[in-house]
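Just so you know, these numbers come straight off a predicted model, no measurement behind them. Only this structure's heavy atoms are used, side chains among them; waters, hydrogens and symmetry mates stay out. Labels below follow one simple rule: chain letters A, B, ... track the order of the sequence lines, proteins then strands, and each chain is numbered from 1.
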Amino acid sequence: EAGVVQSPRYKIIEKKQPVAFWCNPISGHNTLYWYLQNLGQGPELLIRYENEEAVDDSQLPKDRFSAERLKGVDSTLKIQPAELGDSAVYLCASSLDGTEETQYFGPGTRLLVL
Amino acid sequence: QKEVEQNSGPLSVPEGAIASLNCTYSDRGSQSFFWYRQYSGKSPELIMFIYSNGDKEDGRFTAQLNKASQYVSLLIRDSQPSDSATYLCAVNRGSNYQLIWGAGTKLIIKP
């Protein structure tokens with residue numbers, strides 16, 4: 001069974017530029033999570049989807065971050081414009097559904113904003 | 001006070017010894033507790049979860065949960081150099097299904 005797929009694995013951009021990350025969850029997993037992880041810290045939830053619906057986006061900085069999960073499968077997270085402080089690893093995870101808390105992570109996208 | 005607290009370490013343990021990792025949490029309504037392992041530059045991977053008070057064993061790993069004292073621990077028996085990683089504790093928030101993550105404990109197993 002294929003795991004969670006993310007792309008790109010690495011991204012270097014200049015500040016004020018836009019950037020997008022893509023995630024394909026495990027087949028059949030209805031719940032999808034986007035996390036941000038800084039060095040030496042645990043993952044911090046940005047947004048959680050149940051199928052197409054964003055059920056928890058309270059930690060998403062909506063002035064510059066946006067996300068979508070069309071058709072309830074793949075998801076895209078966008079930052080526009082990027083700031084220096086956005087440099088981090090962006091992790092996508094999925095779980096079977098909202099009541100199944102075991103989450104499976106993708107390899108992450110390491111973002112460096114210069 | 002952080003919702004989930006872990007000692008950042010590093011915790012250094014000789015090969016073959018027992019490594020003991022601890023995690024405390026603040027939400028008394030939490031019902032589910034998870035231990036993830038994260039190698040440097042990699043993403044977290046699930047080791048085990050525990051829901052009930054007491055011990056749960058899986059191979060060399062044992063999770064211990066004490067809800068009255070609000071702590072959960074992970075014991076690794078016969079530690080191997082390959083166990084060297086950061087161990088993340090995650091606890092569900094009692095009011096919803098969101099997991100709250102600790103900052104992790106870095107474990108180093110010395111050959």
Hydrophobic clusters here meaning ILVMFWY residues chained together by side-chain heavy-atom distances under 4.5 Å, can you tell me if A/Leu39 and A/Leu45 are in one? no
Once side chain to side chain contact (heavy atoms under 4.5 Å, CB included) is applied, do any residues pair with B/Ser32, and if so which ones, sequence neighbours excluded? A/Glu101, B/Phe34, B/Tyr51, B/Asn92
Does A/Lys11 NZ have over 12 foreign heavy atoms under 6.0 Å away? no
When the aromatic ring centroids of A/Phe105 and B/Trp101 are compared, is their separation below 6.0 Å? yes
Rounded to the nearest 0.5 Å, what's the gap from CD on A/Gln6 to OG on B/Ser43? Could you check? 7.5 Å
For residues A/Phe65 and A/Leu32: do they belong to one hydrophobic cluster (side chain heavy atoms under 4.5 Å, members Ile, Leu, Val, Met, Phe, Trp, Tyr)? yes
Measure distances from A/Glu44 to the heavy atoms of chain B and classify the residue's part below 4.5 Å as side chain, backbone, both or neither. neither
B/Gln70 atom CD, over 12 foreign heavy atoms within 6.0 Å: yes
Membership question, hydrophobic clusters at under 4.5 Å side-chain separation (ILVMFWY): are A/Trp34 and A/Val89 in the same one? no
Evaluate the side-chain proximity of A/Leu91 to B/Pro44: yes if any heavy-atom separation is below 4.5 Å, no if none is. yes
Residues sharing A/Ile12's hydrophobic cluster, by side-chain heavy-atom contacts under 4.5 Å among ILVMFWY, directly or via others? A/Leu112, A/Leu114
Are there residues of residues 15-24 of chain A whose heavy atoms fall under 4.5 Å of chain B's heavy atoms? If so, which? none
What option among A/Pro43, A/Pro107, A/Gly40 has the most heavy-atom pairs under 4.5 Å with chain B? A/Pro43
Hydrophobic side-chain clustering at under 4.5 Å (ILVMFWY, transitive links): who's grouped with B/Ile109? Put none if nobody. B/Val4, B/Leu11, B/Val13, B/Leu21, B/Tyr25, B/Phe33, B/Trp35, B/Ile47, B/Met48, B/Ile50, B/Phe61, B/Leu65, B/Val72, B/Leu74, B/Ile76, B/Tyr87, B/Val91, B/Ile100, B/Leu107
Would you check if A/Gln103 and B/Tyr36 make a side-chain contact, meaning some heavy-atom pair closer than 4.5 Å? yes
Heavy-atom count check: over 12 atoms from other residues, nucleotides or ligands less than 6.0 Å from B/Phe49 CZ? no
Side chain, backbone, both or neither: which part of B/Gln38 has a non-hydrogen atom closer than 4.5 Å to chain A? side chain
